[in-house]
Number of protein chains: 4
Amino acid sequence: MPTETFFNLPEEKRQRIIEAAIDEFSRYSFHKARVTAIADNAGIAKGSFYQYFEDKKDLYKYLMETIAKKKMSYINKDMLLNRDKYGFFQLLREVFLSGIRFAKENPRLVPIGEMLLADKELLHELYGENMDRNNDFFKQLLKYGQEKGEVDPEADLDLLAHMLSVLTYSLVDLVMEDGKIDMDDMEIYDKMLYFVENGIKKR
Amino acid sequence: MPTETFFNLPEEKRQRIIEAAIDEFSRYSFHKARVTAIADNAGIAKGSFYQYFEDKKDLYKYLMETIAKKKMSYINKDMLLNRDKYGFFQLLREVFLSGIRFAKENPRLVPIGEMLLADKELLHELYGENMDRNNDFFKQLLKYGQEKGEVDPEADLDLLAHMLSVLTYSLVDLVMEDGKIDMDDMEIYDKMLYFVENGIKKR
Amino acid sequence: MPTETFFNLPEEKRQRIIEAAIDEFSRYSFHKARVTAIADNAGIAKGSFYQYFEDKKDLYKYLMETIAKKKMSYINKDMLLNRDKYGFFQLLREVFLSGIRFAKENPRLVPIGEMLLADKELLHELYGENMDRNNDFFKQLLKYGQEKGEVDPEADLDLLAHMLSVLTYSLVDLVMEDGKIDMDDMEIYDKMLYFVENGIKKR
Amino acid sequence: MPTETFFNLPEEKRQRIIEAAIDEFSRYSFHKARVTAIADNAGIAKGSFYQYFEDKKDLYKYLMETIAKKKMSYINKDMLLNRDKYGFFQLLREVFLSGIRFAKENPRLVPIGEMLLADKELLHELYGENMDRNNDFFKQLLKYGQEKGEVDPEADLDLLAHMLSVLTYSLVDLVMEDGKIDMDDMEIYDKMLYFVENGIKKR
DNA sequence: GATGAATGAGGTTTCATTCAT
DNA sequence: AATGAATGAAACCTCATTCAT
């Protein structure tokens with residue numbers, strides 16, 4: 001956790017630091033990223049960095065949390081709360097699209113997450129055992145889909161959740177070119193959804 | 001490319017070095033992996049390392065090539081050559097399973113590939129533009145599936161190839177726990193295939 | 001260029017570092033000189049060295065600049081500015097003597113310059129094409145001498161400039177024994193000047 | 001001294017080694033030059049190198065001797081033996097020209113000598129005190145010139161010898177561009193001689 | 001005598017973190 | 001709180017030389 005000092009900082013300065021961190025961690029893996037570069041780009045002294053964070057990992061953890069929260073905020077909460085008004089596949093579509101919107105508006109955050117996912121050692125260190133909240137989310141959703149009779153009742157929800165989770169990531173990866181996303185490329189999202197729907201719907 | 005000296009080494013020693021390299025690179029990303037550790041674990045002098053490889057990256061590249069070749073060798077070549085004897089989904093199943101067999105027998109090689117995939121900078125440096133041979137392979141296969149009338153003729157092959165590629169990886173990831181695979185867990189592979197088949201087959 | 005950090009250092013410490021550098025580079029060629037030795041002798045950590053200079057070459061370049069400036073400062077500027085009050089050979093004598101005075105007071109700087117001059121590769125790297133400002137200086141002087149009618153009007157100024165430049169160096173070399181100069185050995189400078197004067201004066 | 005083994009080598013092989021050594025030492029100072037490069041370029045095993053020479057310095061010493069001898073061989077011995085038939089300045093001219101001829105035919109040997117001259121430590125180690133045979137040669141010549149009444153009887157022969165020695169080197173340097181010499185550029189040699197003659201002749 | 005693999009000391013450089021002001 | 005200089009462990013890499021075959 002960042003220190004109290006950090007949270008007492010003027011918003012603007014805190015932003016500058018976060019920005020600089022994002023910039024560095026989106027370009028380089030945790031180990032290659034340099035504290036010096038972050039401090040420099042944020043325009044703060046290296047010493048200050050250690051007044052705000054315990055160490056490099058402390059900032060990194062905080063960043064991951066921030067990112068996770070931000071990503072969640074892209075999901076239309078109303079739809080989830082009133083999910084009964086929508087079909088399962090409509091909800092799924094919303095989840096997919098929220099991922100895309102998030103990536104479009106925060107392209108630099110995408111590789112940060114991906115790099116962490118690849119670094120099992122670090123991942124374990126940060127989250128210990130419970131490292132797939134993402135899957136849990138999809139699993140809940142799928143269960144609901146089964147209950148509503150839209151999803152194949154035989155389906156293995158753990159497997160499906162994992163697949164959906166992975167596909168979301170991959171979709172973002174596919175449409176992101178050089179850190180940019182062509183949001184208008186709507187067709188492709190629906191193609192994937194079409195594929196998924198055929199794959200898992202109840203027949 | 002490793003030096004001639006390296007290839008002149010007795011098989012046993014070469015293996016020790018490769019083993020040590022795999023050990024290090026499967027645990028740590030390229031940047032965190034240490035030449036010193038590799039040399040130590042291989043039981044050779046640090047100086048010797050540099051008689052065999054130009055630098056850390058040289059060994060790494062060589063390792064990736066070796067891994068790629070090994071992975072390919074797990075695909076049943078006969079089936080590919082006589083693909084007309086098999087249905088498309090039978091072929092796809094073979095490809096999936098080959099990935100699993102490879103992962104089961106070489107569990108430490110899996111994270112090496114995954115870490116590389118996450119390090120865009122390194123990936124680019126090693127392979128430049130043509131970095132998705134994996135996708136190409138699936139695209140060929142899918143095209144064949146369309147020609148045989150088994151795959152949805154409307155399907156976007158680029159998208160599908162990407163998805164299949166990603167799903168293969170994810171499947172391996174899913175069944176690998178602490179570097180071990182439960183091969184007998186056959187059911188899950190077929191579940192995924194079932195899902196995929198429903199998703200993309202011609203109706 | 002040294003970093004800002006270096007220039008922020010207390011004068012005393014900066015001097016210690018420069019001293020240590022001079023000590024090392026006056027004894028050993030650029031390639032044999034060791035950063036470690038410099039850091040040790042300056043009483044700073046090796047890491048600090050790299051906070052002050054980009055690398056060994058950075059310090060070396062800076063040292064050469066410093067030396068060049070210092071050497072220039074030994075020339076009596078008044079004489080150059082009011083050169084019309086003096087004969088050409090008087091000016092030349094002043095230039096010669098300035099070289100001697102510089103060498104006498106900074107004996108360790110002499111071999112540094114000489115070693116660089118011998119390392120064509122390094123020389124080229126540092127100065128690119130324009131690496132004989134020394135010659136230019138003498139050429140200007142000689143031109144002036146011709147205009148005043150003191151120097152043989154037929155003389156090839158490029159050649160003469162080169163010769164004078166070389167002779168200055170050699171004179172210093174000659175009178176420097178074990179890094180010390182016997183300044184009182186005035187006679188020898190005049191002998192050389194006598195020789196030069198006879199060689200190039202207008203008849 | 002090279003080992004007997006070296007001298008027993010077939011002429012052709014010995015030449016190859018010497019060639020490779022010249023190539024390396026003409027490009028790099030003693031310390032930067034690499035034994036490995038020499039062995040490689042000579043097409044011999046690294047181990048063999050140490051069968052022929054005690055160490056890098058041993059080869060270097062031998063090379064310097066060879067060069068010195070070769071350089072001497074360019075002086076017209078007949079003229080020296082029958083020096084009475086020629087004037088002093090004719091002899092001096094011959095010595096100058098021999099230096100030029102040597103440089104023209106062995107351009108790579110020139111920088112080797114120059115680099116050594118700049119490395120006082122090495123120079124001392126190789127030749128101890130008596131490191132100016134070159135000067136001695138010129139001193140003998142000048143003495144003879146005085147005796148014949150052609151050279152200023154007041155002249156300080158040590159100084160003049162030094163100057164002549166230095167000027168010879170510098171002349172070579174001046175006309176050598178990129179390791180090549182324009183021998184037809186005869187005029188310049190005579191200009192320098194003219195200058196020298198005026199400088200030191202008896203009046 | 002020839003070979004080429006093996007060695008390790010030693011060099012340069014990087015960087016997270018500490019600390020004095 | 002802020003600064004930025006100081007540190008040193010540890011990484012990569014080079015190369016002369018030795019040694020077993």
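Reckoned from all heavy atoms, side chains included, excluding hydrogens, waters and symmetry mates. The sequence lines fix the lettering, A, B, ..., with proteins before strands; numbering per chain opens at 1.
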> How long is the line joining CD1 of C:I44 and P of F:dG8, in whole Å?
Replying inline: 12 Å

> With both distances under 3.5 Å as the test, what is the Watson-Crick or G-U wobble partner of F:dA1?
Replying inline: none

> In whole angstroms, how far is the C1' atom of E:dA16 from the CD atom of A:E54?
Replying inline: 13 Å

>> Judged by each residue's nearest nucleotide on DNA chain E, which is more toward the 5′ side, B:S48 or A:K57?
In response: B:S48

>> Under a 4.0 Å threshold between the charged nitrogen and the carboxylate oxygen, would D:R16 count as salt-bridged to D:E19?
In response: no

>> So, applying side chain to side chain contact (heavy atoms under 4.5 Å, CB included) with A:F49, which one of A:L59, A:I17, A:D58 is it?
In response: A:L59

> Quick one: do A:R27 and B:E121 make a salt bridge, cutoff under 4.0 Å?
Replying inline: no

> Could you state the CZ-P distance from A:R16 to F:dA2, rounded to the nearest angstrom?
Replying inline: 11 Å

>> Side chain of D:D55 only, heavy atoms from C-beta on: which candidate in F:dT17, E:dG11, F:dC13 is closest?
In response: F:dT17

>> Of the options E:dA16, E:dT12, E:dA2, whose atoms approach the side-chain atoms of C:K56 most closely?
In response: E:dT12

> Roughly how many Å is it from CD in C:Q51 to P in F:dT7, rounded to a whole number?
Replying inline: 10 Å

>> Do the side chains of A:K61 and A:E125 get close enough for a salt bridge, i.e. N-O under 4.0 angstrom?
In response: no

> Rounded to the Å, how far apart are B:E24 CD and F:dC12 C1'?
Replying inline: 14 Å

> Is any side-chain N or O of C:T36 closer than 4.0 Å to OP1 or OP2 of E:dT12?
Replying inline: yes

> With a non-hydrogen cut-off below 4.0 angstrom, is A:Y52 in contact with a base, only sugar-phosphate, or nothing?
Replying inline: sugar-phosphate

> D:N8 near the nucleic acid: base, sugar-phosphate alone, or nothing, with a heavy-atom cut-off under 4.0 Å?
Replying inline: nothing

> Angle class for the B:F30/B:F25 ring planes (parallel below 30°, perpendicular above 60°, tilted otherwise)?
Replying inline: parallel

>> On DNA chain F, does the nearest nucleotide to A:E4 precede the nearest nucleotide to B:V35 from the 5' side, or the other way round? Give the residue.
In response: A:E4

> Which nucleotide sits closest to the side chain of A:K46: F:dC12, F:dA2, F:dA5?
Replying inline: F:dA5

>> Between C:Y50 and D:T5, which residue's closest nucleotide on DNA chain E lies nearer the 5′ terminus?
In response: D:T5

>> Reading DNA chain F from 5' onward, which residue's closest nucleotide shows up sooner: B:F49 or C:K13?
In response: C:K13

> At under 4.0 Å between heavy atoms, what does A:A39 touch on the DNA or RNA strands: base, sugar-phosphate, or nothing?
Replying inline: nothing

> Taking atom P of E:dA5 as reference, at what distance in whole Å does atom CD1 of B:I17 sit?
Replying inline: 12 Å

> How is B:A37 classified with respect to the nucleic acid when contacts are heavy atoms under 4.0 Å: base, sugar-phosphate, or nothing?
Replying inline: nothing

> For E:dT14, which nucleotide in any strand shown is its Watson-Crick or wobble partner with both distances under 3.5 Å?
Replying inline: F:dA9

>> Measuring to OP1 and OP2 of E:dC15, would you say a side-chain N or O of A:K32 lies under 4.0 angstrom away?
In response: no

